[in-house]
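Take a look at the structure set out below.
So that the names make sense, note that chain A is the first sequence line, chain B the second, and so on, each numbered from 1. These numbers come from a predicted model, not from an experiment.
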Amino acid sequence: MDKYQPQDIEQAWYETWETNNYFAPSGNGTPFSIAIPPPNVTGTLHMGHAFQHSLVDSLIRFHRMKGDNTLWQMGTDHAGIATQMIVTEQLAAEGKRPTDLGREKFLERVWEWKETSGGTITSQLRRLGASLHWETERFTLDEGLSRAVLEVFVRLYEDGLIYRGKRLVNWDPVLKTSLSDLEVESEEEPGHLWHLRYPLADTPDQYLIVATTRPETMLGDTAVAVHPDDERYTGLVGKEVILPLTDRRIPVIADPYVDREFGTGCVKITPAHDFNDYDMGQRHELALINILNDDATINDNAPQKYRGLDRFEARKAVVADLERLGLLEKTEDHKLPVPRGERSGVVIEPYLSDQWFVKIKPLAEPAIKAVEDGDIEFVPRNYENTYFVWMRNIQDWNISRQQWWGHRIPAWYDADGNVYVARSEQEARAQHDLSDDVVLSQDDDVLDTWFSSALWTFSTLGWPEQTPELETFHSTDVMVTGHDIITFWVSRMIMMTLKFIGEVPFKKIYVTGMVTDAEGQKQSKSRGNGLDPLDIIDGISLDDLIAKRTDNLMQPRMAERIAKNTRKEFPDGIKAFGTDALRFTFYAIATRSRTIRFDMNRVEGYRNFCNKLWNAANYVFLNTADKPFSQNDEAADVVDRWIVAELHRTIAAVNQAMETYRFDLAAKALYEFIWDEFCDWYVELTKPILNSPDVPADLIEAKRYTLLSVLEQILRLAHPFIPFMTEEIWQQIPAQVRSQGKTIMLQAYPESDAARIDEQAISDVAWIKDVVTGSRNIRGEMDISLAKPIPVIFSNGSDEDQRRLEEYRSLLTFLIRPSDIGWLEPDAPKPPASTHLIGEMELLVPLAGLIDKDAEIARLDKEIERKEKEQQRTEGKVGNKNFVEKAPPEVVAKERDKLTEIRSALAKLRQQRADVVELE
RNA sequence: GGGUGUUUAGCUCAGUUGGGAGAGCGACGGCCUUACAAGCCGUAGGUCGCAGGUUCGACCCCUGCAACACCCA
C-alpha cells in the first residue's frame, strides 16, 4: 500500500457510490429517514453545516448498514431575502435597481443566479461524503413544493388561521419589507435619553417632563402616560398637554404599564411607532398617527418643515427646535437595545402596514403537547425549555414579505378591495362566481421563506399527494439542527406537520452545539474568523486564506486586523487533512456542550489516527498477502481471543453510543480500540508469532485470519465515521473474509456477541501488558535503550504467574528484549536491582554496574510516598466506624482488600529501597 | 431585568445511578525496535471557580456568590 494520501482516494469513491445508486433507500427493513435541513440554494458550506451533516451521515450510514430502509432526503431552500439581496447587489454593481427590471425580469435574473451558483453547496456536500439521496432532490420553489405551500395557505385561510390586517410590524426601510420578530436582532448600543417638556394645556407655564430615546417620534404622539398609582401625577390624569412643534392637544392617561422609575415616570405615547405604545393605544383607544414613509423619511402627517427628512435628520431637527423653544430639559447618555435587520443590518422601524398573519395559538397548543407527551424528544433534553418558553409566549406570525423572490401570496383583490384567497385566479373566480369583467389583481407580496420550510418533512415526500414515500418515510426519525433555529424552523415544522399530516415531523431532535473559532467567537464573514470545511480537507496557503477572509468585506477597514489574526492563528496556512480526518474530528467534539471551539490540532490528531489505521492495514496485508490463512478457533491463541473480546466490547460501546447520539463516545471507543489495543498491542504481539519458524502452522494461519477478520470488522464499525478510507481498505480484504459485496456501505454493521468476550483471555493479556509495561518503566527510568538486553528476574509469583510466564515467555521475550528471563531461586538472595511490582509478584532487573542508585532511590521514594498517602486515606476510611456501619458491605470489603494490597506493596517497596541503599 | 448553560492539567475537553481524578495536544527525557517519525517508549503537571450545606463518603446532590457565554424582554 502507498502512503496515506486522502486526496487520492476520497473523490473517486464518492463517484462510485453515487453512480451505483448506493444512497437510495432499499430493502424491506424498518424505514429510517432524515430530512436535510435545506441549505440556501446559492449558499456555501460553513463549519456548522459540515458538522451537522457529518453527524447525520454517520446516522444514515449506520442505519443503512443495519439493514434499515434508509432515506436521507436532499433539498435546498430559496432563502427569499438573502438571495434577493445578493441579486440586488449584483444589479447595483451594474447601476440598476430591481424596479428598473420589473418583477418578471428580476425573477428571471434570480433564477439565472440560482442555476449558476446552485451547484456549489451540493458539490461541497459530496466532498463531505454525505450519502444523500440525490435522485429525489427538491427545491422549495419547485412545482411540487409550491403546490404544497399553496394548499397549506388556502386551507389555513379557510380555517380562519390566516388573516390580513393593518398591524405594527418590524419594517426594514432599506429592503422595504416587513420582517418577523426572529429576523430582527437587538443589541445594546450607546444612545441618549432626552427629557422633553410638554406644557399643560390649561396652564402653559407648567409642564410635564417626558423622557425618550427617540425624540423624533414625538411628532406622532397621541398621549402622555403615567402610572395610575403615581402620586406625583394623579391630579393630571384626564387633563391635556400641548404637543410641542405641532398644534395638537393630547391627553394624559394612566396605565400600569408605565415604569415609575424610568426617567420622570412620565412617558410619551406613540402608538404608530412603538410596540408597547401600540398596545397601550389599543387599550385606551388612542389615534394612530403614522409619521413615516416606507423608507423611514418623515411623511405628510408631520408638520411641513420636517417632511421628507430622514428619521435621524428629523431627530436632530426636533431636538434643536425643542431646545430653541426652551422645551429640552436635559440630555443624558443612555444605552439602549437597537433592533437591526438580520440581513441588511439597518435599524428596524416599528411600522404600520397591511400584512398577512398566521393565527398561531391554535397551532401551538398541539405542538406543545407533542413535546410534553414525549412524541417528540429533544436531545439533550434541556432544550425543551427553550422550546416551551417560546411556544407558550408565541405571537402571531407575520408571513408576508414585500419581496419578489418567493411564493407569491395566493390572494386576489377586486377594484373594491375585496380579497379572494384560492389556489388560482380561476378557482377564486369560480368560488365567488365572479364574471370575467371583474378585474382581479394578485397580492404583490411573497411568503416568509420559513413558511415553505415549515412544510419540509412532508412536502419533500410528495404531499399533498398521498405518495408511497410519504407513507413509508414520514414521520422522519430525527432532525439534527443547531439551537439557533429551534424557534425559526423546528417549532414551525412541528405545528404545520401536526396540522396537515396529523403526526409529528420527526421523533427526535438532536440539537448540536455551535461551532466557534478557537477563541470561542462565533464564526462569521464580518469577523473574518470563518473556516471553509473544504480548506481543511484540501488545505490552503496562508495568503489564499487571508485573501478569502478579507475579500468583499462589508467593513473593509477590518481587513488588516483579520489578516493579522489569521497570520497568528495559521502561520503556515492549513494542511490538507482529508475528509475522513475532518469528519472524525466532528464526531469527537460532538459532546453535550453548547459551544464547541474548533481546534485545528485535533484535526491533525485525527488525521494521524487515520494514518495509523491505514498503516495497520498495510501491516495486515504485508503479512497475509499470498499466504494461507484460515478461521480456526481451536488453533487461535489467547492473544487472538483477547483482541476479539476487546473488539466485541468496542462494538457494543459504539452501537450504544450511536443509539443515544453520543457521537463523541463512539469516536472515543473506536480511537482507543484501534490505536491502543489493536495497533499498540495486538499487532505487536503477532510479530513474534508470524515470523517465528518454531510456531505451528495452524496457529500462524489462525492468526493471519484473526488479523484480517478483526481489521475487516474494524472497517465496518468505523465506516459511518470515516467512509472513504474504510472503503478503500475494505476492497483489499480477501473476499473469503469480507463477503462478496461490492461496497462496504451496504455490508452488515457489526453486532456485539457476549460469548466472544473471553474474560480469561482479557486477564491474561492484562498480565502480559503489566509485565511489559513494568520492564519498559525500568528501561525508561534508567535510560536503557531497547537495543541493550537486560536480565529480568521474577520473584514471589503465584502458580498463576508461573503458568503465565511459561505460556507467554516467547511473547515477553520479544517485547522486553531480555538477555535472560526467569525465576529467582527459592532461597537465593535478591540481587541489587531496579524493581517493579505486578500485584504480589516482583519484577527485578539486576543491573549491578549500570544502575543509577540515586535515581532509583528517588523513584522508589516517590512511589512510597504515593502509596503512603493512599494507605493513610484508606486506613482512615476503614477505621471510621460510621463508614463501616453505613457504607454498603461490598464497598467496605473492597476498601479492606485495597488496604491489604497497599500494605504489602509498601513493605516490598521499602525493602527494595533498603536494598538499593545497600549498594556500594 | 428574566432564563439557560459553562467553570476539571499550560491549551481543548471527557468524567451516565455519590465510593480509586482521565484523554488528546503541548512540555520534558529516551528511541530510525523491518506497518506507521503523521511513529514508538517513558516522565512531569490538577485544594475539579469560591464559600457553605447534606452524607460514613461530594468533581458529581442542595444553597449562596463570582466570572464568562448564549437566549428572551
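Nucleotides B:rG20 and B:rG24 have their P atoms positioned 22 Å apart, rounded to a whole Å. Going from the P atom of B:rU16 to that of B:rC60 covers 11 Å, rounded to whole Å. With C1' as the reference atom, B:rC59 and B:rU7 are 12 Å apart, rounded to whole Å. Remark: the separation of the C1' atoms in B:rU8 and B:rU47 is 12 Å, to the nearest Å. Nucleotides B:rG49 and B:rU33 place their C1' atoms 46 Å apart, quoted to the nearest Å. Atom P of B:rC41 sits at a distance of 14 Å from the matching atom of B:rA35, rounded to the whole Å. Across B:rG30 and B:rC65, the matching C1' atoms stand 49 Å from one another, rounded to whole Å. B:rG39 and B:rC25 have their P atoms separated by 8 Å, given to the nearest Å.
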Inset, instruction - Could you please spell out the steps behind the salt bridge (Lys or Arg N to Asp or Glu O under 4.0 Å) verdict for A:K867 and A:E901? - result: CA-CA 10 Å; A:K867 286 282 178 201; A:E901 266 173 50; over 6 Å; no
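Taking the side-chain hydrogen bond (donor to acceptor under 3.5 Å, both in side chains) definition, one finds that A:Q52 meets it with nothing, sequence neighbours left out. Residues that satisfy the salt bridge (Lys or Arg N to Asp or Glu O under 4.0 Å) test with A:K877, not counting sequence neighbours, are A:E895.
In this structure, A:W614 and A:Y4 have tilted ring planes: the angle between them lies in the 30° to 60° band. Note: A:Y606 and A:Y671 have perpendicular aromatic rings, judged against thresholds of 30 and 60 degrees for the angle between ring planes.
In summary, the side chains of A:S709 and A:Q713 do present a donor paired with an acceptor at a separation below 3.5 Å, with no hydrogens or angles considered.
Rounded to whole Å, atom C1' of B:rC72 lies 9 Å from atom CG of A:N393. Straight-line distance from the CZ atom of A:F584 to the P atom of B:rG24: 13 Å, rounded to whole Å. Here the C1' atom of nucleotide B:rC72 and the CG atom of A:D484 are 15 Å apart, to the nearest Å. Taking atom OH of A:Y387 as the reference point, atom C1' of B:rU4 lies 18 Å away to the nearest angstrom. If you take NZ of A:K687 and C1' of B:rU33, they are 8 Å apart, rounded to a whole angstrom. What separates CD1 of A:I486 from P of B:rC70 is a distance of 17 Å, to the nearest Å. Remark: P of B:rA35 and CG of A:N623 are 7 Å apart, rounded to the nearest angstrom. When the P atom of B:rC72 is taken as reference, atom CZ of A:R392 falls 18 Å away, rounded to whole Å.
Counting any heavy atom pair closer than 4.0 Å across all strands shown, A:R597 reaches sugar-phosphate atoms only and no base atom. Residue contacts for A:V683: at a heavy-atom cut-off of 4.0 Å it reaches a base atom on one of the strands shown. Nucleic acid contact class of A:N382 (heavy atoms, under 4.0 Å, all strands): sugar-phosphate only. Among the protein residues, A:C610 comes within range of no part of the nucleic acid, since none of its heavy atoms lies under 4.0 Å from any strand. Backbone-only contact: A:S593 has heavy atoms under 4.0 Å from sugar-phosphate atoms and none from a base. Counting non-hydrogen atoms under 4.0 angstrom, A:E684 reaches a base of the nucleic acid.
Residue order along RNA chain B, read from the 5' end via each residue's closest nucleotide, puts A:R594 first among A:P337 and A:R594. Along RNA chain B, the nucleotide closest to A:A588 and the one closest to A:A617 are compared, and the more 5′ of them pairs with A:A588.
Rounding to the nearest 0.5 angstrom, the gap separating the CG atom in A:L690 from the CG atom in A:L707 is 6.0 Å.
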Between the protein and nucleotides 15-21 of chain B, list the N/O to N/O atom pairs that are separated by less than 3.5 angstrom.
unit_1 : atom_1 : unit_2 : atom_2 : d
B:rG15 : OP1    : A:R662 : NH2    : 3.0

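Applying the salt bridge (Lys or Arg N to Asp or Glu O under 4.0 Å) rule to pairs touching residues 594-604 of chain A yields A:K575-A:E604, A:E604-A:R607, sequence neighbours excluded.
For the pair A:N880 (side chain) and A:G876 (backbone), a donor-acceptor distance under 3.5 Å is absent.
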Legend entry - Where protein sits on nucleotides 38-47 of chain B, one letter per nucleotide: B base, S sugar-phosphate only, - none, heavy atoms under 4.0 Å: BSSSSSS---
Legend entry - Dot-bracket pairing map - RNA chain B, Watson-Crick plus G-U, both contacts under 3.5 Å, | cross-strand: (((((((..((((.....[..)))).(((((.......))))).....(((((..]....)))))))))))).
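The side chain of A:K668 contributes no N or O atom lying less than 4.0 Å from OP1 or OP2 of B:rG22. Distances shown here put every side-chain N or O of A:T386 at or beyond 4.0 Å from the OP1 or OP2 atom of B:rC71.
By the 6.0 Å contact criterion, CD on A:Q395 is open, its count of non-hydrogen atoms from other residues, nucleotides or ligands being 12 or less. Residue-environment remark: CD (A:E372) exceeds the threshold of 12 foreign heavy atoms within 6.0 Å.
Each of A:L665, A:L55, A:L670, A:D664 was checked for a side chain to side chain contact (heavy atoms under 4.5 Å, CB included) with A:Y587, and the lone residue meeting it is A:L55. For the pairing with A:F663, the ring pair (Phe, Tyr, Trp, His ring centres under 6.0 Å) check across A:F51, A:Y510, A:F721, A:F584 returns one residue only, A:Y510.
For A:R583 and A:F586, the positive end is not near the middle of the six-membered ring at less than 6.0 Å and at most 45° from its axis.
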